[in-house]
Amino acid sequence: MSMSRRGFLATASAGVALALAPLPGGGTSVHAQSTGDARRAWAAAPDARQDPDPRLRALAYAILAPNPHNLQPWLIELVAADRMTVSCDLARRLPATDPFDRQLTIGFGAFLELLRMAAAQDGYAVRMDSFPDGTPGRRLDTRPVAGLRFEPMPGMASDPLFRHALSRRTNRARYDMARVPDAATIMLLASAAVPGADVGTTTAPNLTAALRDHVWRAFRTEALTHEAHIESVNVMRMGRAAVIANPDGISLDAPELEPLVAQGVLTQAAMASPDSPVFQQFLALYDGPVRATPAFLWLVTPGNSRAEQLRAGADWLRLNLQATGLGLALHPQSATLQEYPEMDGLLREVHDLLGIHQGRIQMLARLGHGPVVPPAPRWPAATRLKG
Ligand SMILES: Cc1cc2nc3c(=O)[nH]c(=O)nc-3n(C[C@H](O)[C@H](O)[C@H](O)COP(=O)(O)O)c2cc1C
């Protein structure tokens with residue numbers, strides 16, 4: 001018997017809420033969590049210490065970097081005994097919402113920074129040459145994003161942020177509106193970025209209210225722009241089996257959603273159709289977390305070059321790790337920063353709202369205190385190796 005629409009809405013709501021709910025016991029250790037097949041990479045990273053190859057030991061952590069829609073576009077080639085190249089799996093781009101691969105490049109910046117940190121922890125310095133065969137133009141191409149050389153450096157200082165690598169999350173839950181992050185904590189948070197980075201934050205009631213409204217309108221605009229929305233729907237993994245088969249993209253695998261997947265209620269076709277209850281619920285479910293946002297953080301670069309995008313990625317990773325250490329949650333709100341005609345007005349508006357007349361906002365995020373959430377799925381590191 002199929003489920004009534006009302007039943008679906010209640011169950012879907014509970015299911016998605018459950019996906020965002022605190023873990024039993026409130027622990028953050030990945031070993032304490034139910035990792036499931038799709039999330040095994042988080043527990044596998046420390047185990048990779050057994051690997052005789054320092055590049056693979058570092059790679060096991062680097063694949064845990066934040067990246068757009070969790071598509072994990074990195075392709076690794078091991079060269080000679082101490083080098084690797086990192087290039088882009090061109091099939092894992094998001095041309096409708098990221099037409100210039102700006103966000104993708106930010107994701108590579110985060111990946112490279114985490115790789116560097118993991119290697120340092122292991123006593124290796126990584127010499128990095130970005131875009132060694134030339135910087136791509138409008139879009140990334142098959143040329144490497146980075147060439148890396150690992151150099152043993154016994155006793156090398158580790159990065160204190162690395163200790164948060166396994167508990168870092170993108171936290172899409174509701175944040176506690178009664179706990180506004182205080183100025184001293186926010187200052188500590190911002191100090192994690194590479195010196196010279198331009199990090200903005202606000203807890204001001206008027207500005208946070210304006211930003212809540214803004215990011216909600218941007219989310220809605222994206223959902224109602226067919227090509228942009230379909231691009232996300234195509235990478236939604238609905239149900240546990242789909243997430244295990246493809247541990248990437250947008251995972252909808254809360255146990256409560258399983259009956260909806262089994263009954264054919266929660267499908268990509270339903271999600272794609274603005275008239276369906278599934279789509280309506282998808283929109284409605286975003287409203288709660290956005291309203292429960294006591295602070296925002298953003299990252300600005302003077303220009304929008306590939307080098308600046310890579311650096312923004314490194315800064316984003318560092319901020320996300322520092323937030324974890326400070327008990328703060330972050331959730332990027334990238335819709336408004338995207339470059340397609342339907343979003344043009346909002347992209348200009350957000351720069352005006354934040355008083356940024358020179359420079360490019362590379363990341364904008366919800367900031368606050370949130371519940372503990374589970375790690376996102378990952379492909380095992382070995383699957384990202386070329387050849
Ligand atoms: C450049 C960039 C943009 C992102 N934009 C969004 C976003 O708009 N909404 C969102 O929920 N997550 C966003 N994320 C977070 C990714 O979805 C997240 O990193 C990925 O799903 C993996 O999850 P994890 O960070 O918990 O490991 C973004 C991440 C990056 C690096």
Side-chain angles (χ1 to χ4, degrees), residues 1-21 38 68-71 92-99 103 170-174 212-293 331-336 338 340-343 345-346 366 373-374 376-377:
M1 195 174 76
S2 73
M3 198 176 255
S4 71
R5 174 190 158 140
R6 206 185 156 141
F8 160 69
L9 293 178
T11 312
S13 174
V16 175
L18 189 110
L20 302 172
H69 274 0
N70 202 21
L71 285 180
R92 292 180 171 271
R93 295 179 294 178
L94 294 159
T97 53
D98 190 19
Q103 297 183 76
T170 294
N171 192 327
R172 301 183 179 86
R174 291 169 194 239
R212 286 193 293 269
D213 171 66
H214 181 90
V215 298
W216 165 246
R217 283 187 286 126
F219 177 76
R220 202 168 177 282
T221 300
E222 180 174 319
L224 293 171
T225 301
H226 183 72
E227 266 194 30
H229 181 58
I230 288 298
E231 186 168 79
S232 293
V233 172
N234 285 342
V235 296
M236 286 182 185
R237 314 298 180 210
M238 295 173 171
R240 186 173 148 78
V243 172
I244 289 173
N246 281 296
D248 58 18
I250 301 168
S251 354
L252 302 175
D253 63 342
E256 270 66 7
L257 297 179
E258 291 301 311
L260 302 175
V261 174
Q263 288 176 25
V265 175
L266 182 54
T267 61
Q268 286 179 316
M271 192 62 94
S273 159
D275 301 326
S276 77
V278 167
F279 178 88
Q280 298 300 330
Q281 190 67 15
F282 167 71
L283 271 190
L285 284 173
Y286 206 70
D287 190 47
V290 167
R291 279 182 197 282
T293 305
H331 176 195
Q333 298 295 306
S334 300
T336 185
Q338 292 167 350
Y340 51 91
E342 292 82 352
M343 203 57 79
L346 286 160
R366 300 173 56 228
V373 294

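This one's a predicted model, so the numbers in the text were calculated from it and none came from an experiment. Below, each value reflects all heavy atoms present in this structure, side chains not excepted, and no hydrogens, waters or symmetry copies.
- The side chain to side chain donor-acceptor pair (under 3.5 Å) check on Tyr340 picks up nothing, with sequence neighbours excluded.
- Between atom OG of residue Ser251 and atom CZ of residue Arg240 there is a gap of 12.0 Å, rounded to the nearest 0.5 Å.
- Between Asp253 and Arg237, every side-chain heavy-atom pair lies at or beyond the 4.5 Å cut-off.
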- request: For the pair Met236 and Leu252, evaluate side chain to side chain contact (heavy atoms under 4.5 Å, CB included) and give the outcome as yes or no after the intermediate values.
  value: CA-CA 7 Å; Met236 286 182 185; Leu252 302 175; 4.3 Å; yes
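- Taking Arg92 as the reference, Asp89, Asp248 meet the side chain to side chain donor-acceptor pair (under 3.5 Å) condition, with sequence neighbours excluded.
- In plain terms, the two heavy atoms of Pro289 and Ala173 that are nearest each other are CB-O, 3.9 Å.
- Within a 6.0 Å radius of CD in Glu342, other residues, nucleotides and ligands contribute more than 12 heavy atoms.
- With sequence neighbours excluded, the residues satisfying side chain to side chain donor-acceptor pair (under 3.5 Å) with Ser232 are His69.
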Test log, rule side chain to side chain contact (heavy atoms under 4.5 Å, CB included), inputs His331 and Thr170: CA-CA 5 Å; His331 176 195; Thr170 294; 4.2 Å; yes
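- Within the 4.5 Å cutoff, the side chain of Met343 has heavy atoms near those of the Thr221 side chain.
- Every side-chain contact (heavy atoms from CB on, under 4.5 Å) that Asn234 has, sequence neighbours left out, goes to Ile230.
- Taking 4.5 Å as the limit, some side-chain heavy atom of Phe279 sits within range of a side-chain heavy atom of Pro274.
- The aromatic rings of Tyr286 and Trp216 sit parallel to each other, their planes meeting at less than 30°, with 60° as the upper class boundary.
- Side-chain contact between Thr97 and Glu222 is present, with at least one heavy-atom pair separated by less than 4.5 Å.
- Remark: Val261 pairs with Met238, Leu266 by the side-chain contact (heavy atoms from CB on, under 4.5 Å) rule, at least two apart or across chains.
- Take Arg220 and apply the side chain to side chain donor-acceptor pair (under 3.5 Å) test, not counting sequence neighbours, and it matches no residue.
- Contact record, Glu258 with Gly239: OE2-CA, 3.3 Å, taken as the closest heavy-atom pair.
- Looking at Arg174, Gln333, Arg366 one by one, the single match for side chain to side chain contact (heavy atoms under 4.5 Å, CB included) with Thr293 turns out to be Arg366.
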- request: Given side chain to side chain contact (heavy atoms under 4.5 Å, CB included), test His214 with Leu346 step by step and report yes or no.
  value: CA-CA 8 Å; His214 181 90; Leu346 286 160; 3.5 Å; yes
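- Ser334 and Gln338 make their closest contact through O-CG, 3.3 Å (heavy atoms, listed as atom of the first residue, atom of the second, distance).
- Pairing each heavy atom of Pro377 with each of Asn70, the nearest pair is O-ND2, 2.9 Å.
- If you take CG on Asp98 and CD on Glu231, they are separated by 8.0 Å, rounding to the nearest 0.5 Å.
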